Structures are given as C-alpha cells and as structure tokens.
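Labels below follow one simple rule: chain letters A, B, ... track the order of the sequence lines, proteins then strands, and each chain is numbered from 1. Not measured: the values here are computed from a predicted model.
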Number of protein chains: 2
Amino acid sequence: MENACKHLKTRGIKPSYQRIKIFEYLLRNRNHPTVDMIYRKLVPRIPTLSKTTVYNTLNLFIEKEIASIIIIEENETRYDADTSVHGHFKCRKCTKVYDLDIDLSKIDIPMLAEHSVTEHHFYFKGICKNCR
Amino acid sequence: MENACKHLKTRGIKPSYQRIKIFEYLLRNRNHPTVDMIYRKLVPRIPTLSKTTVYNTLNLFIEKEIASIIIIEENETRYDADTSVHGHFKCRKCTKVYDLDIDLSKIDIPMLAEHSVTEHHFYFKGICKNCR
DNA sequence: TCCATTTTTGTAATCATTACAAAGTATGGT
DNA sequence: ACCATACTTTGTAATGATTACAAAAATGGA
C-alpha cells in the first residue's frame, strides 16, 4: 500500500513507519477499531510499538482530518478512516457496527439551519437483520 | 415538584429523597448536565450526598427509561430527562448544547430499514448563531 | 419493636487517556 | 561524513471518570 504513504504526505503528515502501519490498518479494517484493537493487531509486527504512539498518531490523524472519531458507547472511542458524512448502527446482540450511507439532502432538521455546522454525527442502536 | 415523585413511582422507582432531588434537577435544568455538575449543585443542600449515589441513580434512571444519555464528546457523559427522540448541537466556541427537534418522518436513511432500531442519536458541532 | 430489604455512602479498584521526559531517528547545512 | 536541530517514539507516571464492594443508614412490613 504505497497509497497510505502518499495520502499521509498530501495532508502534511510525515510518513513514519508507525504512522503508515496505523493508517494502513484503518484503511483495510473498516470495522471501526478502538485504540486497543489497533495496538494488539500491530504489536506482533512492530514489537517496540507503544500504545502512546497509537494514541498520538490517531490524534494527529483526527487533527489533520484523515480519520474521524466514532463514539457510540461511553468509554469506547473508535476510529474510522472514512471522513465523509455517514452514520452507524450498532447491534446490541452481536455488537457489530454497520456503516450507513447518509444523504444529507434527505435529512431535514430546520433548527440546524440557524447555526453553522461542521460535524454531523448519526448513530443508532437496536438489533440487526442477522440477529433478529 | 410533587411531579417528580409521582413520575418515579409510575416507573417503579422508589422515590427516595436523593432520587427525587436528582430527578428534579434534571427536570428543571435542561442543560444536559454531567454527573459532576449535578453533584456540585446538590451537595450544598444534601451534605451527605455521595457521587456514587449520583452515578447509581442516573444508571437507574437510564435503565428505567426516565432519562437518556447524551455523548457528544468522549469522556463527557451527559444526561437528559427528555427521553423523546431529539438531537443536539454543540457550539465549539461557547460550548453550549442546543436541543434540536427531530421529525423522524423527515429523516430518510434507507439502510436503517433492514434493522430494528431502538435508539436514535443525532448530534452536530459547529459555531452557533450567537457566536458567529 | 424487630427483622429483612433496599438505599446510601466512602474507599478502593479499574480503565482509558494524557503528560512528560528520555531515548531514538531523521534532516539539512557545512 | 559530521554535527546541530527538530521531530517521533517510547515507557512510566499522572489524571479523571466510572464501577466494585462492603459497611452504615434508612425504610417498610409483621
């Protein structure tokens, strides 16, 4: 994935080994991982990896807007390489998080119009089609 | 507010002094308080109040569905006595959280239809009308 | 009043995240 | 190639929110 490296550069992020690996993980695993999931998956290949580095790197990605934060449960911060406007559905039973396409033109919230909105978050919970 | 007491009873919650006070706080202050805000406001009037009690009580309210959780920032859990479907807008500048009326019939998210949804969460960030 | 149950309380434990400083790595000029 | 400087990574310790737990207090019948 030379891809990841270039993507980092274009956003003004120096493509260090750790940053590339973490970003590649986000690109490949579209399962909205937590810091811990990323750390545990990468540390066998990068034995010196520190959890602090994962935190630092993700915070950098958020700041440079190449990743976004997903909060569905308290105390469970997840990350997503998809920074476009979209939503999430979490199944209470299997705990899987589904992505939802969101067409903003089909979302009518009059009271929003008076403010200047920079972030849109939509998430839902329930039982997914497979668990019903 | 005899109101609060009755409301608790109808949901099968024994109306202890602390529970009534905490619920009244939620009813009066529609500003989406954190546990700490509730605790600090009530402890002068209830000197023996423990933060653990506030946590326990709010968790009970959530379980019995007379209050709901609002998560807009990581590490900042807020509570709301309004359990109806509605949204929130948080201003980055003044940090105020506005309520948004949401008309679900005007929200079209096709991919949601295949699941069975029990919770709807909508939140937005940006700069509010007063701060622009 | 006495007993059983529930509620409250304080302390300690847990867990995710951040602060911080030391060690390591890259970079650019000479 | 060498050095000075800046940036990145790392480990440990600190922080802060939340929960676990057990003792104390309050409640509500019989």
Side-chain angles (χ1 to χ4, degrees), chain A residues 4-5 7-9 11-26 32-64 66-80 95, chain B residues 4-5 7-9 11-26 32-64 66-80 95:
Chain A
C5 182
H7 198 171
L8 294 179
K9 279 186 197 162
R11 299 303 187 103
I13 299 174
K14 283 193 188 173
S16 73
Y17 184 70
Q18 288 85 342
R19 287 171 180 172
I20 293 170
K21 288 302 168 191
I22 292 171
F23 193 58
E24 281 179 356
Y25 179 93
L26 282 182
H32 321 96
T34 61
V35 164
D36 202 59
M37 286 163 70
I38 298 171
Y39 174 76
R40 286 213 305 272
K41 194 67 174 292
L42 293 183
V43 77
R45 300 226 158 218
I46 317 172
T48 66
L49 185 65
S50 160
K51 223 174 214 181
T52 301
T53 299
V54 182
Y55 277 106
N56 290 342
T57 302
L58 289 170
N59 285 338
L60 180 69
F61 288 175
I62 298 300
E63 192 190 318
K64 299 291 189 179
I66 63 170
S68 60
I69 289 190
I70 303 171
I71 310 170
I72 300 184
E73 311 284 354
E74 337 120 70
N75 74 38
E76 194 183 70
T77 306
R78 293 166 173 271
Y79 295 86
D80 194 338
T95 74
Chain B
C5 182
H7 198 172
L8 294 180
K9 278 186 196 162
R11 299 301 186 105
I13 299 174
K14 284 193 187 173
S16 74
Y17 184 69
Q18 287 85 339
R19 287 170 179 173
I20 293 170
K21 289 302 169 190
I22 291 172
F23 194 57
E24 281 179 354
Y25 179 92
L26 281 182
H32 321 94
T34 61
V35 164
D36 202 58
M37 287 163 70
I38 300 171
Y39 174 77
R40 286 213 305 270
K41 193 67 174 290
L42 293 183
V43 76
R45 300 227 158 218
I46 317 171
T48 67
L49 185 65
S50 161
K51 223 173 214 181
T52 301
T53 300
V54 182
Y55 277 106
N56 289 342
T57 302
L58 289 170
N59 285 339
L60 180 70
F61 289 174
I62 299 299
E63 191 190 320
K64 300 291 189 180
I66 64 170
S68 60
I69 289 190
I70 303 171
I71 311 169
I72 299 184
E73 310 284 355
E74 337 120 69
N75 73 41
E76 194 182 70
T77 306
R78 294 167 172 273
Y79 295 87
D80 194 338
T95 73

Inset, instruction - Please name the residue in the list B:Asn56, B:Leu58, B:Thr52, B:Thr57 that meets the side chain to side chain contact (heavy atoms under 4.5 Å, CB included) test with B:Val54. - result: B:Leu58
[X] [atom1] to [N] [atom2], straight-line distance once rounded to whole Å:
X	N	atom1	atom2	answer
A:Ile71	C:dT17	CD1	C1'	13 Å
A:Phe61	D:dT8	CZ	P	12 Å
A:Glu63	C:dT18	CD	P	13 Å
B:Ile46	D:dA25	CD1	P	18 Å
A:Ile38	C:dA16	CD1	C1'	14 Å
B:Glu74	C:dT18	CD	P	7 Å
B:Leu58	C:dT7	CG	P	15 Å
A:Asn75	C:dA13	CG	P	21 Å

Just N and O in the side chain of [X]: are any of them under 4.0 Å from OP1 or OP2 of [N]?
X	N	answer
A:Tyr55	C:dT18	no
A:Ser16	D:dT9	yes
A:Gln18	D:dT10	yes
B:Thr77	D:dT18	yes

Legend entry - Value rounded to 0.5 Å, distance of CD in B:Glu73 from CD1 in A:Ile71: 7.0 Å
Legend entry - Between CD1 on residue A:Ile38 and CD1 on residue A:Ile22, distance to nearest 0.5 Å: 7.0 Å
Choosing from [options], which nucleotide comes nearest the side chain of [X]?
X	options	result
A:Asn59	D:dT10, C:dT9, C:dT18	C:dT18
A:Thr57	D:dT9, C:dT8, D:dT8	D:dT9
A:Thr52	D:dT19, C:dA19, C:dT8	C:dA19
B:Lys14	C:dT17, C:dT9, C:dT7	C:dT7
B:Ser50	C:dT7, C:dG10, D:dT8	C:dG10
A:Thr48	D:dT9, C:dT7, D:dT10	D:dT10

Legend entry - Heavy-atom closest pair, residues A:Leu26 and A:Ala67: CD1-CB, 4.1 Å
Legend entry - Closest-nucleotide ordering on DNA chain C, the 5'-leading residue of A:Glu76 and B:Thr53: B:Thr53
Legend entry - Test item: B:Arg78 side-chain N/O and B:Ile70 main-chain N/O as donor-acceptor pair under 3.5 Å: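 Answer holds: no.
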Inset, instruction - Would you mind classifying the nucleic acid contact of B:Lys51 as base, sugar-phosphate or nothing, using non-hydrogen atoms under 4.0 angstrom? - result: nothing
